[in-house]
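Have a look at the structure below, then the notes.
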Amino acid sequence: GRVSCYTQKNIGKVPRAMKIIISPAKKMHTDDGTAPVAMPQFLEKTAQLLDALRKFSVSELEALFRCSPAIAKESFHLFASADLSKNLSCALFSYQGIQFQYMAPEVFHTQALCYVQEHLRILSAFYGILKPLDGIVPYRLEMQTPLAVAGKANLYDFWANQLHSALLEEDELLLNLASQEYSKAILPYLTNNQRCITCRFLEQQRNGKWVEKGVYAKMARGAMVRFLAEEGITKKDDLRYFSFQDFSYDTASSDAKTMIFKRMKNPKE
């Protein structure tokens, strides 16, 4: 069942050597299974974004998000009623997308939860960067949304290098499991001393080409976080032992910056 005995002192048992970044999910809910242990780091900037978004009408949100009228209306009510300090859920349990389903954090044992609290960071257009047990409210905002705010042309400019600065120590390894949309908020700011490994999950097509498909990549990313947390992985070399639904590490196509996991096309699919 859900771990409820998390304490800050448990973190000390996990070596600091690597940070893992993942994307959030659009689909969210309020979860009360685990009490948050901290507030997000950039709450003042989140409040700025909330103020800006509250000025949009339903039809303006529909245009901004390029979404259906129903989603725009739901988003309008979310922003109108949001209180950044009340009715909070842990970030890790608030997202409901495919990646989080395959991560299945609700059944993490204590040490796995300690591992992700130390190593895993969820990138967010609304909150910037989140530790798994930070308290958040449901929201709708993507990093590529063309929102001009606080004199900045878009959300990448709004966050600038602050997320990178908050994420990594000078000599830490970054494991990039985020989509391009979100990793773009971190990767341009890496220093020469900060190594980055991007994992890609490729499938062979009938024409013989290898491509990364959104659904299976999200499933594999979630499963990889689960693998890392359960095994307590902190070294790059140990990543190659990950396997999931016929995805396995491919030495020949991997290099110093990219680890490629491949799976053959199933003729029944």
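Worth saying up front: this structure is predicted, and the values here are computed from it rather than measured.
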Q: Spell out, yes or no, whether L123 and L187 are grouped together once hydrophobic residues are joined by side-chain heavy atoms under 4.5 Å, including indirect joins.
A: yes
Q: For residues E142 and K26, determine if any side-chain heavy atom of one lies less than 4.5 Å from a side-chain heavy atom of the other.
A: yes
Q. Rounded to the nearest 0.5 Å, how far apart are CG of L190 and CG of N161?
A. 11.5 Å
Q) Rounded to the nearest 0.5 Å, how far apart are CD of E212 and CD of E203? A) 9.0 Å
Q) Looking at side-chain heavy atoms only, is the closest gap between V58 and P69 below 4.5 Å? A) no
Q) For the side-chain contact (heavy atoms from CB on, under 4.5 Å) test, which of L113, V225, L92, T34 pairs with P132? A) L92
Q. If you round to the nearest 0.5 Å, how far is CE of M103 from NZ of K218?
A. 13.0 Å
(Q) If I take atom CG from residue L133 and atom SG from residue C90, how far apart are they, to the nearest 0.5 angstrom? (A) 4.5 Å
Q: Carefully, step by step, assess S89 and D31 under the rule side chain to side chain donor-acceptor pair (under 3.5 Å).
A: CA-CA 5 Å; S89 299; D31 177 276; 5.5 Å; no
Q: Find out if a path of hydrophobic residues (ILVMFWY) with successive side-chain heavy-atom gaps under 4.5 Å connects F65 to L78.
A: no
Q. Given side chains that start at C-beta, do those of Q205 and K213 come closer than 4.5 Å, heavy atoms only?
A. yes
Q. When the ring planes of Y139 and Y127 are compared, do they come out parallel, tilted or perpendicular, using 30° and 60° as the limits?
A. perpendicular
Q. Would Y95 and V37 show up in the same hydrophobic cluster when neighbours are defined by side-chain heavy atoms closer than 4.5 Å?
A. yes
Q) Pick one: which of I136, L130, D134 meets side-chain contact (heavy atoms from CB on, under 4.5 Å) with I122? A) L130
Q: Scan I21, I22, L228 and name whichever one has a side-chain contact (heavy atoms from CB on, under 4.5 Å) with L120.
A: I22
Q | F261 side chain reached by R240 side chain, heavy atoms, under 4.5 Å | A | no
Q. Would you call L64 and T145 a side-chain contact if the rule is heavy atoms closer than 4.5 Å?
A. yes
Q.
Is there a side-chain contact between H119 and T234 in this structure, where contact means two heavy atoms from C-beta onward sitting under 4.5 Å apart?
A. yes
Q: Please examine the side chains of F126 and L84, heavy atoms only from C-beta on, and report whether any two atoms are closer than 4.5 Å.
A: yes
Q: Answer yes if V211 and V215 sit in the same cluster of Ile, Leu, Val, Met, Phe, Trp and Tyr residues linked by side chain heavy atoms under 4.5 Å apart, and no otherwise.
A: no
Q: Mind checking the CG-CG spacing from L163 to L168? Nearest 0.5 Å is all I need.
A: 11.0 Å
(Q) So Q245 and Y102, do their side chains get closer than 4.5 Å, heavy atoms only? (A) yes
(Q) In this structure, would Y189 and Y182 fall into the same cluster of hydrophobic residues linked by side-chain contacts under 4.5 Å? (A) no
Q.
Nearest 0.5 angstrom please: K55 NZ to E60 CD, how far?
A. 12.0 Å
Q: Decide yes or no on side-chain contact (heavy atoms from CB on, under 4.5 Å) for L147 and L53, but give the supporting numbers first.
A: CA-CA 9 Å; L147 177 67; L53 289 161; 4.1 Å; yes
